[in-house]
Number of protein chains: 2
Amino acid sequence: MTETDPLLLQNFVPYLLNQAAEATSLDFQKYYKANYGMLRTEWRVLFHLGRYGSLTAKEICSRANIHKTKVSRAVVALEARRFLTRTEVAHDRRHEMLSLTPKGRAAFDDLVQEAKRYNTRLLSAFTEDERATVQRFLIRMADKA
Amino acid sequence: MTETDPLLLQNFVPYLLNQAAEATSLDFQKYYKANYGMLRTEWRVLFHLGRYGSLTAKEICSRANIHKTKVSRAVVALEARRFLTRTEVAHDRRHEMLSLTPKGRAAFDDLVQEAKRYNTRLLSAFTEDERATVQRFLIRMADKA
DNA sequence: TGTTGATAGTTACAAAAGCAACCAATAGCC
DNA sequence: GGCTATTGGTTGCTTTTGTAACTATCAACA
C-alpha cells in the first residue's frame with residue numbers, strides 16, 4: 001500500500017474499508033435479520049444495552065456514534081417487539097432508561113454467540129500480531145480520519 | 001483482537017470496519033461534494049472511467065461491486081453535469097460506452113490528487129509491513145466475508 | 001424465421017438514512 | 001419567580017438506497 005502513482009483502488013483506504021465493511025456487515029446481517037427481523041441500528045442498540053447494561057438513548061448515541069434520530073427509531077422498533085422497555089427517570093423526566101427485557105436478553109445472548117463465531121472465522125487466517133496491527137489501524141481510522 | 005469472552009465492540013470486526021469506513025468516507029466525501037457536488041457512487045464511477053478508460057455500465061458494476069441501478073443513476077447525474085458522455089456501440093445496441101469529457105477528466109485528475117494526499121495522511125503512522133498486513137486483511141474481508 | 005432465453009440498462013415503488021424543525025423538561029441567571 | 005438557553009428525544013420531509021418488474025436488444029437453436 002505505497003503512495004506512489006498511479007492511485008489504484010486497491011490502495012485507497014476508504015474504498016477498501018467500504019468494501020470490507022459492506023461485505024462483512026451484510027453477511028452478519030443475514031443472521032439477525034432472518035432470526036429476529038432486526039435492522040443494523042437495532043442490533044447495535046441491542047448490543048450496547050446487553051453489553052453495558054441500562055443506558056439512556058443519549059448515551060447510546062455517543063457510545064455508538066449513531067445519530068439520535070436513528071437511535072430513537074430503533075428504540076421504538078425494539079420496544080414494539082418487546083426487546084426492551086423504557087422507564088422514566090424520576091429526577092429528570094427528559095431521560096428514559098432503556099433496558100433489555102428477558103426476550104431482549106435472550107436475543108442478545110444468542111447474537112453474541114453468533115457474532116463470536118463469525119468473528120473468529122473472519123480472523124482465522126491471521127496471527128495475533130497481525131490482528132493487533134489491524135485493530136490498531138481500524139481504531140485509528142475510526143477515531144480521527 | 002482475541003476471541004475470548006466477553007465480546008467487546010472493539011473486537012468485533014464488522015463493527016470496527018464500519019466505524020472506520022464511515023469516518024474515512026465521510027471525511028473524503030466532503031471534498032468531492034463541496035467541489036463537484038458529487039455523491040459517493042458518482043465519484044466511484046468517475047474514478048473507474050478515469051482510471052481504466054471507457055467502460056460500459058456493466059463493466060463498472062462488476063469491477064466496482066455496485067448494483068446496476070446505482071450505476072445507472074450515477075451515470076445520469078454525471079452526464080447531466082457534463083462529466084461523461086455515452087456513445088452507442090454499433091454491433092450491440094444494448095451497450096453504451098461511457099467516457100469522461102475533458103471536464104470529467106479534469107475533475108478526476110484533481111480528485112485523484114486529493115485522494116492520494118488523503119491516503120498518505122491516513123497511512124502515515126504505519127510501516128510498510130503494517131500497511132501490507134492491513135491491505136491483505138481488508139481485501140480478504142471484502143472478498144469472502 | 002420464430003420462439004425462448006439471456007443481457008444491458010431504466011423505471012417505479014418501498015425501505016432506510018439524513019436533516020431540520022419541533023416539543024417538553026430542566027438549568028442558569030437576572 | 002420569570003426569562004432565556006440547553007438538553008433529551010420525537011416527528012416530518014427530503015434524499016438515497018434496495019428490490020423487483022419492465023423495455024429493448026441480441027443469441028441460440030429448433
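Chain naming here is simple, since letters A, B, ... match the order of the sequence lines and numbering starts at 1 in each. Both backbone and side-chain heavy atoms feed into the values below; hydrogens, waters and symmetry mates do not.
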If you take any heavy atom closer than 4.0 Å to DNA chain C, which residues from residues 66-89 of chain A end up in contact?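 The stretch gives A:T69, A:K70, A:R73 as the residues lying under 4.0 Å from the strand, ordered by number.
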Locate the shortest heavy-atom distance separating B:A64 from B:R44; write the atom from each residue and the value.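 Closest approach of B:A64 to B:R44: O-NH1, 3.2 Å.
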Both A:L26 and A:D92 contact DNA chain D. Taking the nearest nucleotide for each, which residue is further toward the 5' end?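 Its nucleotide being nearer the 5' end, the pick is A:D92.
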For A:E22 and A:M97, find the nucleotide of DNA chain D closest to each by heavy atoms; which residue's nucleotide sits nearer the 5' end?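 Nearer the 5' end of the strand: A:M97.
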Distance, rounded to the nearest Å, where [X] contributes [atom1] and [N] contributes [atom2]:
| X | N | atom1 | atom2 | result |
| --- | --- | --- | --- | --- |
| A:R94 | C:dA25 | CZ | P | 10 Å |
| B:R40 | D:dG18 | CZ | P | 11 Å |
| A:Q29 | C:dA16 | CD | P | 9 Å |
| B:I60 | C:dT10 | CD1 | P | 11 Å |
| A:H91 | C:dA24 | NE2 | C1' | 16 Å |
| A:N65 | C:dA17 | CG | P | 15 Å |
| A:L39 | D:dT17 | CG | C1' | 13 Å |
| A:K58 | C:dA25 | NZ | P | 19 Å |

When you check the side-chain N and O atoms of A:Y32 and A:D110, is any donor under 3.5 Å from an acceptor? no
Using distance alone, with no hydrogens and no angle criterion, decide if B:N11 and A:Q135 have a side-chain donor and acceptor under 3.5 Å apart. yes
Among C:dG9, D:dG8, C:dA25, which nucleotide sits nearest the side chain of A:H95?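 Comparing C:dG9, D:dG8, C:dA25 against the side chain of A:H95, the answer is D:dG8.
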Kindly determine whether A:R81 and A:M38 satisfy side chain to side chain contact (heavy atoms under 4.5 Å, CB included), including the steps that lead there. CA-CA 10 Å; A:R81 282 187 233 126; A:M38 281 186 205; 4.3 Å; yes
From A:S54 OG over to A:M97 CE, what is the distance, rounded to the nearest 0.5 angstrom?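 If we round to the nearest 0.5 Å, A:S54:OG and A:M97:CE are 5.5 Å apart.
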Qualifying side-chain hydrogen bond (donor to acceptor under 3.5 Å, both in side chains) pairs, either residue in residues 69-78 of chain A, two or more places apart: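 Residue pairs with at least one partner in residues 69-78 of chain A: A:H67-A:T69.
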Show your working on ring-ring contact (aromatic ring centres under 6.0 Å, His included) between B:F28 and A:F12 and close with a plain yes or no. CA-CA 11 Å; B:F28 185 63; A:F12 190 47; 5.3 Å; yes
Just to confirm, is there a sub-4.0 Å distance from OP1 or OP2 of C:dA25 to any side-chain nitrogen or oxygen of A:R93? yes
